[in-house]
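Here the structure is laid out as structure tokens; the discussion comes afterwards.
Small disclaimer: the values here were computed from a predicted structure and weren't measured.
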Amino acid sequence: MRIRLPSPDVGYGPRRALRSLVALALLASAYGCRLEVTPPGAPTPWPTASARYWRWQWQLSGPLDTDVDADVFLLDAVRTTAAETSALRERHRRLVCQVSVGAYARTDPDADRYPAAVRGAAGTRPGVRWVDVRRWDALRPILADRFRLCRGKGFGAVALADADGYAHRPGFPLDFDDQVLFNRRAAALARSLGLSPGLLGGVPQVAALAPDFDFAVNEECVRLRECDRLLPFTEAGKPVFHVEYAGDPADFCVTTVGYGFASMRKTRELTAWRAPCPPAP
């Protein structure tokens, strides 16, 4: 069994490298070979016994590397081709598409479908705008087609992104309950269309939403000191796919593997590069 921690940096230095090896050796001794699970179907199943053992990849930019040694691939719903998903499915990889549900970008193929009444303030990324999640009747058909695109390309799960507009300045008087209701509706819609729903971000709402979602995707809970807020997922036997964008994996892996997360280091550009943590013991 191999533990590979490549890095895009020049190097950690001799002392840091030694600490990395010691920490990972301690972690490696605590677990055996990963469990064999049945091939994914639709919607993608997440066996409870395997929740702590997934290896995952998150790639949204650059040429897709289908040879990454991972069980789960989180990919862009639009730019990923059916040929690429087919190649991954042939090797029984679990495929998760990332879909923005609470915002849209000017460059989205369906951007003109959003009525003026639902278009809100600028989002957290250039060219992105929040939408009024209270207008479910207007948003449902757009989201349904986004989810159908995922299923048509062979994805079996979907990570709902931009599902926390209420916590920003979306241009509408959204509150916590508005967002919870919308996220539950979006998760139920995804499930009705044959997709396993996952929550990307939205940490303050995890306690309310964990029963409605099959998995969570988290960014930087170690840096932000909020990993414990994701425990409603792991305690229910649901996977948490976690990424840090800075720091030595030998340091943060000790924390997140202890929580039972599938963790790795990535760059913010989310290219093919990754430095995965070993699975949880």
*Are side-chain heavy atoms of Val243 and Phe261 found at a separation under 4.5 Å?*
no

*Can a salt bridge be assigned to the pair Arg91 and Asp67 using a cut-off of 4.0 Å between side-chain N and carboxylate O?*
yes

_Considering all heavy atoms, the nearest Gly260-Arg52 contact_ = CA-NH1, 3.5 Å

*Side chain of Ser86, backbone of Ala83: donor and acceptor closer than 3.5 Å?*
no

*Evaluate the side-chain proximity of Phe73 to Val68: yes if any heavy-atom separation is below 4.5 Å, no if none is.*
yes

*Taking every non-hydrogen atom, the tightest pair across Ser263 and Thr256*: OG-OG1, 2.7 Å

*Determine, for Asp132 against Arg135, whether the closest basic-nitrogen to carboxylate-oxygen distance falls under 4.0 angstrom.*
yes

_I want to check something: taking the side chain as every heavy atom from C-beta on, are Arg229 and Pro204 in contact at a cut-off of under 4.5 Å?_
yes

*Counting distance only, does the side-chain N/O of Arg151 pair as donor-acceptor with the main-chain N or O of Leu195 below 3.5 Å?*
no

_Using side chain to side chain contact (heavy atoms under 4.5 Å, CB included), reason through Phe213 and Leu160 one step at a time and then give a plain yes or no._
CA-CA 10 Å; Phe213 288 82; Leu160 307 188; 3.5 Å; yes

*Residue list, side-chain hydrogen bond (donor to acceptor under 3.5 Å, both in side chains) with Glu219, at least two apart or on another chain*: Tyr245

*Determine, for Arg113 against Asp108, whether the closest basic-nitrogen to carboxylate-oxygen distance falls under 4.0 angstrom.*
no

_Residue pair Phe147 / Val101: nearest heavy atoms and the distance that separates them_ = CZ-CG1, 4.1 Å

*Are any of the side-chain heavy atoms of Phe241 and Val96 separated by less than 4.5 Å?*
no

*Group every Ile, Leu, Val, Met, Phe, Trp and Tyr by side-chain heavy-atom contacts under 4.5 Å, then state whether Leu200 and Leu224 land in the same group.*
no

*Can you find a heavy atom in the side chain of Arg223 that is under 4.5 Å from one in the side chain of Phe252?*
no

*What residues join Leu149 in its hydrophobic cluster, counting side-chain heavy atom gaps under 4.5 Å, either direct or through other members?*
Val78

*Could you grab the distance from atom CZ of Arg93 to atom CG of Leu75, nearest 0.5 Å is fine?*
12.5 Å

_If you apply the rule side chain to side chain contact (heavy atoms under 4.5 Å, CB included), what do you find for Gln205 with Asp164, and how did you get there?_
CA-CA 9 Å; Gln205 296 196 329; Asp164 61 348; over 6 Å; no

_With a 4.5 Å cut-off on side-chain heavy-atom distances among I, L, V, M, F, W and Y, is there a chain of contacts connecting Leu181 to Leu174?_
no

*So, the side chain of Arg274 versus the backbone of Gln59: is there a donor-acceptor pair under 3.5 Å, distance only?*
no

*For Gly198, does its backbone N or O pair with a side-chain atom of Asp214 as donor and acceptor, under 3.5 Å?*
no

Return a table of donor-acceptor pairs under 3.5 angstrom between the side chains of residues 40-49 and protein atoms on other chains or two or more places apart.
from, atom 1, to, atom 2, distance (Å)
Thr44, OG1, Gly156, O, 3.3
Trp46, NE1, Ser196, OG, 2.9

*asked:* Would you say that Cys221 contacts His242 through its side chain, given a criterion of any heavy-atom pair below 4.5 Å between the two side chains?
replied: yes

_Closest non-hydrogen atom pair, Ala208 against Pro211_ = O-CD, 3.7 Å

*So how far is it from Glu235 CD to Tyr259 OH, rounded to the nearest 0.5 Å?*
10.5 Å

_Check: Glu244 main-chain N/O paired with Lys266 side-chain donor or acceptor under 3.5 Å_ = no

*Side chains of Phe233 and Val206: closer than 4.5 Å at any heavy-atom pair?*
yes

*Checking Lys153 side chain against Ala77 main chain: does a donor-acceptor pair fall under 3.5 Å?*
yes

_Lys/Arg-Asp/Glu bridge criterion (N-O < 4.0 Å) met for Glu84, Arg79_ = no

*Indicate yes or no: at least one non-hydrogen side-chain atom of Pro239 is less than 4.5 angstrom from one of Trp56.*
no

*Working to the nearest 0.5 Å, report the span between CG of Asn183 and CG of Asp178.*
10.5 Å

*Please identify each residue that fulfils side-chain hydrogen bond (donor to acceptor under 3.5 Å, both in side chains) with Arg125, with sequence neighbours left out.*
Asp162

*Measure the CZ-CD distance between Arg184 and Gln179 for me, rounded to the nearest 0.5 Å.*
12.0 Å

*With hydrophobic residues grouped by side-chain heavy-atom distances under 4.5 Å, do Trp130 and Val133 end up in a single group?*
no

*Give the intermediate values and the outcome of side chain to side chain contact (heavy atoms under 4.5 Å, CB included) for residues Arg55 and Met264.*
CA-CA 9 Å; Arg55 301 171 303 174; Met264 62 181 172; over 6 Å; no

_Can you tell me how far apart CD (Gln98) and CG (Leu270) are? Round to the nearest 0.5 Å._
8.0 Å

_Hydrophobic cluster membership, with links at side-chain heavy-atom distances under 4.5 Å among I/L/V/M/F/W/Y: are Val99 and Trp136 in one?_
yes

*What about Val217 and Val72, same hydrophobic cluster or not, with Ile/Leu/Val/Met/Phe/Trp/Tyr joined at side-chain heavy-atom distances under 4.5 Å?*
yes

_Summary of ring-ring contact (aromatic ring centres under 6.0 Å, His included) pairs that have at least one residue in residues 96-128, sequence neighbours excluded_ = Tyr104-Tyr114

*Indicate the atoms forming the closest heavy-atom contact of Leu230 with Ala216, along with that distance.*
CD2-CB, 4.4 Å

*Check side-chain hydrogen bond (donor to acceptor under 3.5 Å, both in side chains) between Tyr166 and all other residues, then give those that pass, not counting sequence neighbours.*
none

_Can you give me the closest heavy-atom contact between Pro249 and Arg265, atom names plus distance?_
CG-CB, 4.0 Å

*CZ of Arg146 to OG of Ser100: how many Å apart, nearest 0.5 Å?*
5.5 Å

